[in-house]
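Contents: one structure, followed by commentary.
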Amino acid sequence: MTRQAGIVAQALLVVCLLAAGDALGQSCPALDENEKAALAAEHLFGGPPSPGAILIRRGYVTEYDATRRVPRWAAWHAAPEYLMPPKRKGRWARFRTDPDVANPVRKSHYNGLFAAFDLARGHIVPYFIAGGDRDGDGQDAEIETADNLPVEDIDDACTVFEVNYMSNIAPQLHGTFNGAGGLWYALETKVRKDIVGAGRPIHIIAGSVFGDAPVRKVGPNKDIHVPHMFYKILIGEAGAVAFLFTHEARIGPKGCAPDAALESCIVTVGDIEAVTGLDFFADLGDEAEALIEDTDGRAVWQTLLGQ
DNA sequence: CGGTGGCTGGGG
DNA sequence: CCCCAGCCACCG
């Protein structure tokens, strides 16, 4: 190949990769109604916390806030068999445009935010629960055979792709929140290693909080809203424990500062409802709902940790 | 897509 | 101590 041809080939490669950078996740088989019902039943503990339209995925269920362009909440079942997703590299690492929302956020919309504001593409439903044989055909998204050849199950690959949809992403401060050393990372790590990884499956609901304070809006159209706070609720057999974290601003009287100890971020489910307007676990019925919402979060936390 | 890099915390 | 894991970023 001549030098000129080499330059042309290189340019073409770059163009193709730039186009692929905003790729759609469009190759996944659609879920039928029976599959959707089963997935909602698995992931959505106690019913949806709001009456809005929900998106049902293989690994989670979510309500996307199309106005603020971030997830409002997401709910998922975190089980030990889901802790083995393919290594997060190559196509498994790619953020994907959600084909199921209108005017979707694209990966490129976050370009430059990290350098300018330390805002990263933060997963609400984490990558590490995207594994497992979700469709029960005996094959995961990617396994190694005896011949050391990777074998792929497209349905389970879609679990991974859907976790990487940009509709599962919110702008999160990397250094002080989402990255190593941040409270969001610290809680995810505890869940992955010390709760689910220790053999105790749980249900999780997490989401964003917006209140009466100035909202930072980012992206090319300045329409991606940076949440004021984030919350996460863990539900186990002993009850629920809720965490409320300040991100850009504290809304209401609760919620810990970025440099607080993780345990000091524990609040009640009612505190999350007060600041979000959501109603969790409504399908349980008043008695069971009150029971799970009135449990001592700190005691539940210790139980989940096996202590 | 592969390669490389920064950051922090945990472990040998 | 260094090295690795898990968050990410950016480059061609």
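Quick caveat, the model's predicted, so the values are computed rather than measured.
Using a 4.5 Å cut-off on side-chain heavy atoms (C-beta onward), A:Val275 and A:Lys254 make no contact.
Linking Ile, Leu, Val, Met, Phe, Trp and Tyr residues whenever their side-chain heavy atoms come within less than 4.5 Å places A:Phe281 and A:Val61 in a single cluster.
Within a 6.0 Å radius of CG in A:Asp286, other residues, nucleotides and ligands contribute 12 heavy atoms or fewer. Within a 6.0 Å radius of CG in A:Asp212, other residues, nucleotides and ligands contribute 12 heavy atoms or fewer. For A:Gln307, the CD atom counts as densely surrounded, since its 6.0 Å shell holds more than 12 non-hydrogen atoms of other residues, nucleotides or ligands.
Rounded to whole angstrom, the span from the CZ atom of A:Phe95 across to the P atom of C:dC7 amounts to 10 Å. C:dA9 atom P lies 10 Å from atom CG of A:Leu119, rounded to whole Å. A:Leu113 has its CG atom 12 Å from the C1' atom of C:dA9, to the nearest Å. Here C:dA5 presents its P atom at 6 Å from NZ of A:Lys87, a figure rounded to the nearest Å. Between the C1' atom of C:dC10 and the NZ atom of A:Lys107 lies a distance of 9 Å, rounded to the nearest Å. Between A:Trp184 atom CH2 and B:dC7 atom P there is a gap of 24 Å when expressed in whole angstrom units. Between A:Phe114 atom CZ and B:dG6 atom C1' there is a gap of 7 Å when expressed in whole angstrom units. Atom NE2 of A:His109 and atom P of C:dA9 are 15 Å apart (whole Å).
With A:Arg200 contributing its side chain and A:Gly197 its backbone, the two residues share no donor-acceptor pair below 3.5 Å.
In the set C:dC8, B:dC1, C:dG6, C:dC8 carries the atom at the smallest distance from any side-chain atom of A:Ala120. Counting only heavy atoms from C-beta on, A:Asn111 has its side chain closest to C:dC10 among C:dA9, C:dC7, C:dC10.
If you find the closest nucleotide of DNA chain C to A:Gly112 and to A:Phe128, the one lying nearer the 5' end belongs to A:Phe128.
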Evaluate A:Trp76 against A:Val163 for side-chain contact (heavy atoms from CB on, under 4.5 Å), listing each step before the verdict.
CA-CA 11 Å; A:Trp76 67 101; A:Val163 164; over 6 Å; no
Steps toward ring pair (Phe, Tyr, Trp, His ring centres under 6.0 Å) verdict (A:Phe95, A:Tyr110):
CA-CA 11 Å; A:Phe95 289 102; A:Tyr110 279 62; 8.2 Å; no
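OP1 and OP2 of C:dC8 both lie 4.0 Å or more from every side-chain N or O belonging to A:Arg121. Taking side-chain N and O atoms only, A:Arg192 has a distance below 4.0 Å to OP1 or OP2 of C:dG6. For A:Arg88 and C:dA5, the shortest distance from a side-chain N or O to OP1 or OP2 is not below 4.0 Å.
At a non-hydrogen distance threshold of 4.0 Å, nothing from residues 259-266 of chain A comes into contact with DNA chain C. Residues of residues 166-183 of chain A that place a heavy atom closer than 4.0 Å to DNA chain B, in numerical order, are A:His174, A:Ala180, A:Gly181.
Atoms CG and CD, on A:Leu278 and A:Glu273 in that order, are 7.5 Å from each other to the nearest 0.5 Å.
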